[in-house]
Each structure stands twice: as structure tokens, then as C-alpha cells.
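The structure appears right after this line, and notes come after that.
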2 protein chains.
Amino acid sequence: MQTTRDRLVEVSSDLFRRQGYVASGLKQIAAEADAQIGSLYHFFPGGKSELGAEAIRRSGAMYGMLIPAVFDPAPDVAAAVRDFFAGAAEHLVETNYADACPIATVALEVSSTSDGLRRACAEVFESWIAAGTERFVAAGLPEGIARQLAIGMLTALEGAFVLARAARDTEALRIAGELTASTVERTLAEHLEHEQSSR
Amino acid sequence: MQTTRDRLVEVSSDLFRRQGYVASGLKQIAAEADAQIGSLYHFFPGGKSELGAEAIRRSGAMYGMLIPAVFDPAPDVAAAVRDFFAGAAEHLVETNYADACPIATVALEVSSTSDGLRRACAEVFESWIAAGTERFVAAGLPEGIARQLAIGMLTALEGAFVLARAARDTEALRIAGELTASTVERTLAEHLEHEQSSR
DNA sequence: GTCTATATCTCGATAGAC
DNA sequence: GTCTATCGAGATATAGAC
């Protein structure tokens with residue numbers, strides 16, 4: 001059974017993804033979580049920023065689980081990248097262009113106004129980069145190159161989310177996904193070449 | 001001389017870029033523009049959303065001017081892409097990681113809550129894509145490929161802005177810029193190859 | 001732990017004098 | 001066109017009964 005505390009964090013995460021941090025009021029959060037304002041401050045004495053930080057970390061952990069979920073069953077990393085963008089596009093359409101990245105809106109809103117929340121977002125992004133790097137290393141790439149690809153994939157995805165939500169169109173996601181997958185394929189091929197020539 | 005109306009739009013643009021649409025109150029906007037609330041509603045009877053739409057379009061026009069400003073003097077398009085990301089990183093550091101994309105924060109905030117503002121953002125993104133497409137066409141690429149590269153460049157830039165502001169680090173911008181420039185170089189080379197083989 | 005009531009502030013928006 | 005005063009709603013946060 002889900003506790004009141006869990007529901008508050010989950011509802012916050014959902015609202016932040018759809019409308020951002022500032023527009024999500026504590027009364028709205030409490031109401032949608034079937035909780036009272038008093039309970040909210042009982043669990044989060046630090047108020048909105050404390051609840052916000054925890055919602056960001058929870059979103060990060062949940063969304064980060066998609067990385068192994070998509071990469072592990074895929075035949076190769078380039079196919080996994082294609083699956084990742086295709087899945088993101090599908091989910092975006094299914095949710096009427098509401099559910100893209102759970103923390104990007106918050107990250108942009110608070111980066112210059114709340115250092116605590118900014119750091120929480122930065123830690124989540126870094127955890128995603130680390131998870132992506134692992135998969136590219138497992139595919140045979142050296143650590144540095146793998147990290148570059150992970151960052152390239154995440155930046156392409158985040159940027160495509162911005163354009164796709166604004167245009168209510170998945171074009172940007174499709175193109176960014178294909179460009180990223182091609183870059184991964186080319187990088188793998190180049191690396192294998194170097195491996196062979198150095199033997 | 002700048003009119004009260006101009007100052008209101010300019011201040012709105014600046015505040016939106018740093019802290020987003022929702023967090024920027026009309027009183028703060030009026031105060032920083034040395035104007036009164038009454039004047040604001042005199043020029044923008046539609047209130048915040050009318051002022052917001054105009055601020056988005058103004059930001060879009062201003063930032064869009066960077067595309068010819070960076071691409072026209074560059075020796076080639078790949079170098080222009082590198083210059084663009086390097087310039088963005090430099091400006092971000094100079095402004096203490098505040099001034100990245102002028103409309104991305106607003107786009108994510110309002111995409112699911114205000115159709116008018118969402119459309120204004122979508123139109124700006126489309127105008128940037130069109131301007132970028134022109135430059136890649138001028139470099140010798142067919143329209144479709146040129147548009148893909150323009151979208152790829154913009155998504156990479158937008159995503160890198162999100163990560164860079166959150167991390168207070170330009171790593172994502174540097175990597176996204178290099179990956180994008182490489183993709184542009186590879187695409188140009190491939191196209192020239194096809195051109196030759198079809199002669 | 002839960003709930004209600006409320007304090008204080010700021011929001012967007014309006015009215016009307018000048 | 002400019003300015004002040006103010007409205008009603010909603011914001012975050014707190015106090016205290018149960």
C-alpha cells in the first residue's frame with residue numbers, strides 16, 4: 001500500500017513534468033494526492049523545496065530505469081537508441097504531448113533561482129549519463145567515447161522533447177533519434193577499425 | 001529612444017529566459033521596466049498572455065539573428081556549427097549560467113496549459129529551423145537533408161542548454177557541438193560522394 | 001499522523017482620477 | 001498615456017485541536 005508521503009511525492013513528480021515547478025501549487029498537490037496541507041508539512045517540514053527535491057530524485061530514479069529496460073533486450077546499442085526515441089515519441093503522443101522529460105522543465109525554471117533544486121536536477125542528469133555510458137562501454141567503446149555518446153543522446157532527447165511538445169509533432173524526436181543512432185553506428189565502426197589496425 | 005511598451009517586452013523576454021513565464025510576475029516586469037501596472041494593461045489589454053506572446057516573438061527574432069551572424073562569416077558550415085556552440089557556451093558562462101535559450105523554459109512550462117503561447121514558441125522554433133535549413137542548403141545539401149541537420153543542431157543545442165545550466169558546466173555544450181559538427185561534416189562528405197558517383 | 005483554520009503575501013486584473 | 005488603489009483568488013506557511 002502506498003503511503004500518504006509516497007502519494008505526495010508521486011503527484012508532485014507528475015505535476016512538475018506537465019506544468020513545471022512554479023505552476024504546481026501545494027494545495028493542488030495535496031488535493032490530487034488526497035492529503036491535507038498539514039500532512040504535507042508534517043512529512044516535508046522544509047516545504048515546497050524539500051518536497052520538490054525529493055520529487056526530482058524520484059522522477060530521476062524512475063525514468064533512469066528506462067535505460068536498462070530499453071538497452072538490455074535490444075540486439076545492439078544503435079537499435080536501443082532507436083527504440084528509446086521511438087518509445088519516447090509514442091508515449092508523448094499517448095499523453096497528448098504532456099509527458100516528456102520529468103525534470104527538464106524544473107531544471108530550466110530553477111537553475112538560476114534555487115541552488116538546491118538545481119543540484120538535484122544535475123545529479124539526476126549525471127546518473128542518466130552514467131547509466132548510458134555503461135551501455136556504450138558494454139558495447140565495446142572506451143569510457144571517454146562512451147560518455148560522449150551518452151551525453152549526445154541525452155542532449156538530443158531533451159532538445160527534441162522541447163521542440164516536439166511546442167509543435168505537438170514528433171518530427172524532432174524522429175530526426176534526433178535517427179541522427180543519434182547513426183552517430184552511434186559510425187562511432188562503433190570507427191572504433192572496430194582502429195581495434196583491427198592495431199593488432 | 002525606447003518606449004515604455006518596448007521596455008516592457010524586453011524586460012519580459014529577459015525574465016522569461018532566466019526564470020520562466022510563471023515565476024515572472026507582472027509587478028516585477030513593470031518594476032524592472034520602470035513602468036506602472038496601468039501602463040502594462042494599456043499596451044497589453046490581454047494581460048500577461050498577450051505580453052508573453054509578444055516577448056516570445058521578440059526573443060525569437062533577436063536570437064534568430066545569431067544564425068546569419070555566425071554562419072555567414074564562417075569558412076564552412078561545420079565551422080559555423082562549432083562557432084555557434086562555442087559562442088553559446090561562452091555567453092552562458094559570462095551570464096553565470098542564466099542566459100541560454102530565451103524561450104525553451106517558457107515552451108516547456110506552457111505547452112500543456114496555454115495553446116496560444118505554445119504556438120508562439122512553435123513558430124519561433126520553426127523560424128530558426130528554416131534559417132538553419134537555408135544555410136545547409138547553401139552549403140550544397142538537398143532541402144530534406146538540410147532540414148534534418150538544422151533540427152539536429154537545434155535539438156542538440158536546446159538539450160545541451162538544459163544540462164549545462166543544471167550542472168553549471170559547459171561539458172554538454174562542448175560535446176553536443178562537436179558531435180553535431182562531425183555529423184554535418186560526414187553528411188557533406190557523403191553527399192559530395194554521391195554527387196560524383198552520379199556523374 | 002491527520003485535519004481545519006488562518007496568517008501573510010503575491011498573483012493577475014480592474015476602476016477611475018488625472 | 002500614466003498612475004494609485006484595490007479586488008478576489010491563490011500562493012506558501014503556521015498553529016493547534018484531535
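Not measured: the values here are computed from a predicted model. We name chains A, B, ... by the order of the sequence lines, and we start the count at 1 in each one.
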What is the distance, rounded to the nearest whole Å, between atom [atom1] of [X] and atom [atom2] of [N]?
X: Tyr41(B); N: dT14(C); atom1: OH; atom2: P; result: 6 Å
X: Leu40(B); N: dA15(C); atom1: CG; atom2: P; result: 16 Å
X: His42(B); N: dA15(C); atom1: NE2; atom2: P; result: 16 Å

Which residues satisfy the side-chain contact (heavy atoms from CB on, under 4.5 Å) test with [X], sequence neighbours excluded?
X: Ala104(A); result: Cys101(A), Glu158(A), Leu108(B), Val162(B)
X: Glu10(B); result: Gln2(B), Asp14(B), Arg58(B)
X: Ala98(B); result: Ser112(A), Arg18(B), Thr95(B)

Q.
Within the supplied structure, the quantity of interest is the number of heavy atoms (other residues, nucleotides, ligands) at a distance under 6.0 Å from Glu143(B) CD; does it exceed 12?
A.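 Open.
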
Q.
Go nucleotide by nucleotide along DNA chain D from the 5' end; which of Ile37(A) and Gln28(A) gets its closest nucleotide reached first?
A.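 Closer to the 5' end of DNA chain D: Gln28(A).
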
Q) Can you tell me how far the OG1 atom of Thr183(B) sits from the CD atom of Glu178(B), to the nearest 0.5 Å? A)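 These two atoms lie 9.5 Å from each other.
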
**Q.** Summary of side chain to side chain donor-acceptor pair (under 3.5 Å) pairs that have at least one residue in residues 167-176 of chain B, sequence neighbours excluded
**A.**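 Listed by first then second residue: Arg147(A)-Glu171(B), Asn96(B)-Arg168(B), Thr170(B)-Arg174(B).
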
Q. Is the backbone N or O of Ala166(B) less than 3.5 Å from a side-chain atom of Arg118(A), with the two atoms forming a donor-acceptor pair by type?
A.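 Yes.
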
Q: Name all residues meeting the ring pair (Phe, Tyr, Trp, His ring centres under 6.0 Å) criterion together with Phe125(B); count only those two or more places apart in sequence or in a different chain, and write none if there are none.
A: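 Partners of Phe125(B) by the ring pair (Phe, Tyr, Trp, His ring centres under 6.0 Å) criterion, ordered by chain and then number, come out as Trp128(B).
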
Q: Considering only heavy atoms of chain A and a distance under 4.0 Å, specify the first and last nucleotide of DNA chain D in 5' to 3' order that meet this criterion.
A: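 For DNA chain D, the relevant span reads dA11(D) to dT14(D).
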
Enumerate, atom names and distances included, each donor-acceptor pair closer than 3.5 Å involving a side-chain atom of residues 64-74 of chain A, sequence neighbours excluded.
none

Q) Hey, any chance Leu149(A) and Leu192(A) share a hydrophobic cluster, counting ILVMFWY side chains that come within less than 4.5 Å of each other, even indirectly? A)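 Each belongs to a different hydrophobic cluster.
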
Pairs under 3.5 Å (N/O, protein and nucleotides 8-10 of chain C):
none

Q: Pick base, sugar-phosphate or nothing for Gly25(A), based on heavy-atom distances below 4.0 Å to the nucleic acid.
A: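 Counting heavy atoms under 4.0 Å across all strands, the contact made by Gly25(A) is with sugar-phosphate only.
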
Q.
Mind checking if Thr3(A) touches a base, just sugar-phosphate, or nothing, with heavy atoms under 4.0 Å?
A.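 Result for Thr3(A) = nothing.
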
Pairs of donor and acceptor atoms involving the side chains of residues 44-55 of chain B, under 3.5 Å and at least two apart or interchain, shall be tabulated with distances.
from	atom 1	to	atom 2	distance (Å)
Lys48(B)	NZ	Tyr21(B)	O	2.9
Lys48(B)	NZ	Ser24(B)	O	3.0
Glu50(B)	OE1	Gly46(B)	N	2.5
Glu54(B)	OE1	Arg5(B)	NH2	2.8
Glu54(B)	OE2	Arg5(B)	NH2	2.4

Q: Pull out every residue in residues 44-52 of chain A that has a heavy atom closer than 4.0 Å to any atom of DNA chain D, ordered by number, or say none.
A: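 The answer is Gly47(A), Lys48(A).
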
Q. According to the ring-ring contact (aromatic ring centres under 6.0 Å, His included) rule, which pairs have a member within residues 140-160 of chain B, sequence neighbours left out?
A.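 Every pair satisfying ring-ring contact (aromatic ring centres under 6.0 Å, His included) with a residue in residues 140-160 of chain B: there are none.
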
Q) If you measure from the Lys or Arg side-chain nitrogens to the Asp or Glu carboxylate oxygens, is any gap between Glu185(B) and Arg82(B) under 4.0 Å? A)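 Between Arg82(B) and Glu185(B) there is a salt bridge, with a charged N closer than 4.0 Å to a carboxylate O.
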
(Q) Contact list please: residues 102-119 of chain B against DNA chain C, heavy atoms, distance less than 4.0 Å, in numerical order. (A)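 Listed by number, there are none.
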
